[in-house]
Amino acid sequence: MKPDVQQVNAALRQLAEEYAEGQLSAATYRERRRELVCAVAGQALPQLEDGEATHPGLPPVSVESPVVAEAEPVTPVAEQAAPVRSYRAVTILVLALAMAGAAGLLWFVFRK
Amino acid sequence: MSTWRYCALTDTGVRRKHNEDAIMAMPATGLWAVADGMGGHEAGDLASGMIVEALSALPRPDNFSLFVDAVEQALQDVNSRIRAHADHAFEGRMMGSTVVALLLAEGYGACVWAGDSRLYRWRDQQLEQLSRDHSQVQRLLDAGVISEEEADSHPNANVITRAVGGAVQLVVDVAMLDVLPGDRFLLCSDGLYNELDRNALALGLQQPDVETAAQNLLQAALQAGARDNVSVIVVEAAYEA
């Protein structure tokens with residue numbers, strides 16, 4: 001017999017509040033949420049391996065992921081296969097361009 | 001097999017120069033979302049765009065609780081990326097977005113949201129709001145400080161308390177819902193419901209098909225003045241019991 005959805009949602013709200021207040025770890029919060037969701041969905045609780053508890057179903061996404069690179073054209077993406085020296089060179093180049101751009105902007109603002 | 005009919009529309013509105021709303025619809029995955037960006041042009045539409053892009057890339061796990069986890073995790077990742085981007089590209093200026101996502105399966109579903117974009121359900125000629133705004137006004141309402149009538153015209157009506165990109169830790173809300181054949185769901189940004197009251201929303205959703213419903217709602221908001229961007233997604237459970 002499926003649980004009452006209103007009661008489940010009250011429990012979900014309570015869980016979210018406890019998590020927001022730091023009373024629950026992320027892993028515990030998600031584990032308990034899965035129990036509530038599975039109860040409504042009528043599905044068995046998924047068996048997760050250690051390390052998947054907080055990132056189920058997706059590979060980890062870092063700030064330097066290719067998806068981020070498309071949205072942030074001014075930030076160089078550090079490809080894992082690139083040599084360390086190339087990464088430093090790109091960083092130095094970007095910093096130099098940024099400083100040149102800032103100097104140019106200051107000149108434009110104060111030129112009169 | 002589940003069948004979903006839907007129509008997704010977004011418009012800049014009458015007063016705004018740019019559209020910072022973003023929408024996505026993935027019926028094969030059973031996922032729809034509206035995101036309302038904030039922080040001005042380039043910041044707001046980038047934030048909302050990152051959200052819909054991340055959600056559009058999600059696969060559909062067999063287990064529904066993992067689907068909910070995946071949506072939440074995608075939003076957490078976007079939250080981190082938005083904050084990092086705001087720090088170095090916008091000198092720490094506010095940049096973020098609300099989001100409301102609808103996850104559907106046959107017989108049940110979930111709403112995942114942060115902010116004041118909303119999900120409604122239209123069933124048996126009744127309109128029910130399924131999400132609860134993360135806003136100052138909602139807090140006052142929940143505390144009994146103001147009435148619903150006062151809430152509609154409250155000066156802080158658009159001050160939200162949660163957004164993707166708004167804080168280091170993003171806490172989304174999740175609500176489960178049951179789904180019956182013929183149910184219609186409305187996802188919308190505040191640009192819609194700030195122009196149309198509940199009666200007008202109900203009138204729009206009564207149309208015979210989802211395309212007419214969505215277009216009527218959008219047109220009604222535009223005719224009412226549409227001071228903000230307007231986004232509307234109408235989804236119907238078109239399967240038989």
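Numbers restart at 1 for each chain; the letters A, B, ... are given by sequence-line order, proteins then strands. Since this is a predicted model, take the numbers as computed values, not measurements. Computation of the quantities below employed the complete heavy-atom set of this structure, encompassing side-chain atoms and omitting hydrogens, waters and symmetry-equivalent molecules.
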Do we see a donor-acceptor contact under 3.5 Å between the side chains of N19(B) and T10(B)? yes
Residues of residues 97-104 of chain B with a heavy atom under 4.5 Å from any heavy atom of chain A, in residue-number order, are none
Does the T12(B) side chain pair with the main chain of K17(B), one donor and one acceptor, at a distance under 3.5 Å?
-> no
Most heavy-atom pairs under 4.5 Å with chain B, out of A20(A), A16(A), P46(A), belong to P46(A)
Is the backbone of S65(B) close enough, under 3.5 Å, to the side chain of N63(B) for a donor and an acceptor to pair up by distance? yes
Turns out that what part of D173(B) lies under 4.5 Å from chain A's heavy atoms comes down to side chain
*Ring centres of W4(B) and Y239(B) under 6.0 Å apart?*
yes
- request: Taking atom types as modelled, find out whether S231(B) and D21(B) have a side-chain donor-acceptor pair closer than 3.5 angstrom.
  value: yes
**Asked** With a 4.5 Å limit on heavy-atom distance, are the side chains of R184(B) and V235(B) in contact?
**Response** no
Turns out that what part of A98(A) lies under 4.5 Å from chain B's heavy atoms comes down to neither
Residue set satisfying ring pair (Phe, Tyr, Trp, His ring centres under 6.0 Å) with F64(B), at least two apart, ordered chain then number -> F67(B), Y108(B)
So, the part of A175(B) with a heavy atom under 4.5 Å from chain A: the answer is both
Open item on the list: Side chains of I23(B) and V52(B), heavy atoms from C-beta outward: is any pair under 4.5 Å?
Closed with: no
